[in-house]
Amino acid sequence: VSAKPCNVDDVEALAREKLPQWVYDFIAGGTEDELTLRANRDAFQRLVLLPRVLIDVGHIDTTTDVLGHVLRMPVLLAPAGSQRVMHPEGEIASARSAADFGTVFTLSSTATSSIEEVAEASNGPKWFQLYMIGGRPVAERLVQRAEEAGYQAVCLTVDSARHSKRERDIRNQPPFQAEMAPRNFEGLLDYSQIAHNARVTWEDVDWLCSITSMPIVLKGIVRPDDALRAVEHGIRGIVVSNHGGRQLDGTIATIDALPDIVGAVNGRTEVLLDGGVRRGTDILKALALGAQAVLVGRAYLWGLAAAGQHGVSDVLELLRYELEIAMALAGCPTIADIDASMVRR
Ligand SMILES: Cc1cc2nc3c(=O)[nH]c(=O)nc-3n(C[C@H](O)[C@H](O)[C@H](O)COP(=O)(O)O)c2cc1C
């Protein structure tokens, strides 16, 4: 076995060797038949690239901006709870790695480090992911705390009205572990009340807009009409997402949902995408189809599990290296050069 992982799949293999089976399954798994989990990957692999040649690609610039942040590459860290079961430093390690690298870290509502602990540990750009667990009073408190701690956007997850049926987790019956307890709800909700039923409606979206000056990003949209509705409600960004195949199984692959959504919103809100991003070429394909940037979930969680903060950094560097090569070989020296002509479905 080579010491240095060569790609994200190698990092996953390293993580798998280290993790108890139930933690590996918790990260890797999807719901029910895992159709959507596989579809996200398959759909990327079905897209073909049409590289442009004879372009001067001596200097490749992967920087871009998302909601006013300048990012070293168009990749953000997706929200993921429970990170202390993956590595003792949990979300702190991930947030620090994102800051060092030059991208946004999104802290999950169900994180195992609190809003304040993460802000203390990292001064990089941070977004706070909100689940409406415990209703508006709890949500208001969390959002206020995030704003006070310097977070720069609220990412409201809208695809999780009910806890989904994740059969690997049901079979494994994860042991209760104190480090799994979500820290943000301490003093607000009992552990037993934190079922992952995060029902939320368009009325809640308007309410959220009224209580914060942070921009709001809706995560979990796959329909053009919902994207248009987000525009009508003044939303600054959406994440085309099916929760990495962890919510409704059988949902459309995100890269397949993207083009119609980009067409519908027509530049009136920033469109991001997550689900199945593992390669620099995946990032190139998503940008070609109109995404402003992508988020990665499992890719960086494998890095965290394998080697903590350094492991997350390794994954980000791997993705950046692959993206740079892909842009050079496709004839795109800058992010702005990546257009719809680069891919065919
Ligand atoms: C272990 C794990 C935990 C997650 N926790 C959350 C969460 O707390 N909130 C949320 O909005 N999304 C959560 N997600 C979904 C991710 O934000 C993201 O949508 C998904 O991982 C993207 O797919 P990918 O893993 O293929 O990159 C989680 C995903 C994983 C793998």
Side-chain angles (χ1 to χ4, degrees), residues 8-9 11-12 15 19 22-31 34 36-45 75-87 90-91 94 104-113 115 127-133 142 153-161 163-164 166 168-169 172 174 180 182-185 194-198 200 217-222 238-248 251 253-255 257 272-279 282-283 286 291 293-305 312 315-316 319:
V8 173
D9 287 346
V11 181
E12 174 175 345
L19 293 171
W22 72 268
V23 180
Y24 175 79
D25 279 337
F26 166 67
I27 302 170
T31 32
E34 299 188 335
T36 301
L37 178 70
R38 285 192 294 277
N40 282 342
R41 286 297 303 137
D42 291 349
F44 268 118
Q45 291 178 346
V75 176
L76 299 81
L77 301 199
S82 313
Q83 293 188 23
R84 277 184 202 276
V85 299
M86 305 170 198
H87 186 273
E91 291 83 0
S94 303
V104 167
F105 174 69
T106 311
L107 182 73
S108 167
S109 273
T110 57
T112 44
S113 301
I115 292 169
W127 293 1
F128 176 67
Q129 178 265 328
L130 181 67
Y131 277 135
M132 293 278 295
I133 302 170
L142 294 176
V154 181
C155 173
L156 178 69
T157 300
V158 296
D159 59 14
S160 303
H163 191 42
S164 59
R166 301 199 193 141
R168 298 198 209 195
D169 295 347
N172 290 335
M180 262 199 116
R183 296 293 304 276
N184 287 320
F185 296 96
I194 310 173
H196 291 217
N197 297 335
V200 56
V217 175
L218 299 185
K219 172 175 180 282
I221 285 182
V222 295
I238 61 174
V239 184
V240 176
S241 174
N242 51 37
H243 218 109
R246 295 165 78 83
Q247 287 301 119
L248 180 64
T251 299
T254 50
I255 195 69
L272 311 179
L273 169 140
D274 74 19
V277 175
R278 289 276 189 143
R279 285 283 189 188
D282 298 332
I283 305 166
V294 301
L295 290 75
V296 287
R298 295 181 184 84
Y300 89 86
L301 298 174
W302 297 134
L304 176 68
V312 178
V315 166
L316 290 172
L319 289 174

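These numbers come from the heavy atoms of this one structure, side chains and all, not from hydrogens, waters or symmetry mates. Fair warning: this is a prediction, and the values are worked out from it, not measured in the lab. Just so you know, ligand 1 is whichever comes first in the structure, and atom 1 is the first atom listed for that ligand.
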Short list, please: which atoms of ligand 1 are under 4.0 Å from a heavy atom of [X]?
X      : value
Thr157 : 10 (C), 11 (O)
Thr110 : 8 (O)
Ser241 : 19 (O)

Does this structure show an ion pair linking Arg278 with Glu12, if we count only N-O contacts that are shorter than 4.0 Å? yes
Give a yes or no on whether a salt bridge exists between Arg41 and Asp282, defined as a side-chain N under 4.0 angstrom from a carboxylate O. yes
Mind checking whether [X] and [Y] have side chains closer than 4.5 Å, heavy atoms only?
X      : Y      : result
His243 : Thr157 : yes
Trp22  : Asp169 : no
Phe128 : Leu142 : yes

Any N or O of [X] that comes nearer than 3.5 Å to an N or O of ligand 1?
X      : answer
Gly297 : yes
Gly81  : yes
Gly276 : yes

Hey, is Gly275 one of the residues with a heavy atom under 4.0 angstrom from ligand 1? yes
Tell me, please: is Ile27 in heavy-atom contact with ligand 1, that is, under 4.0 Å? yes
Ser108 and ligand 1 - part of the residue with a heavy-atom distance under 4.0 Å: side chain
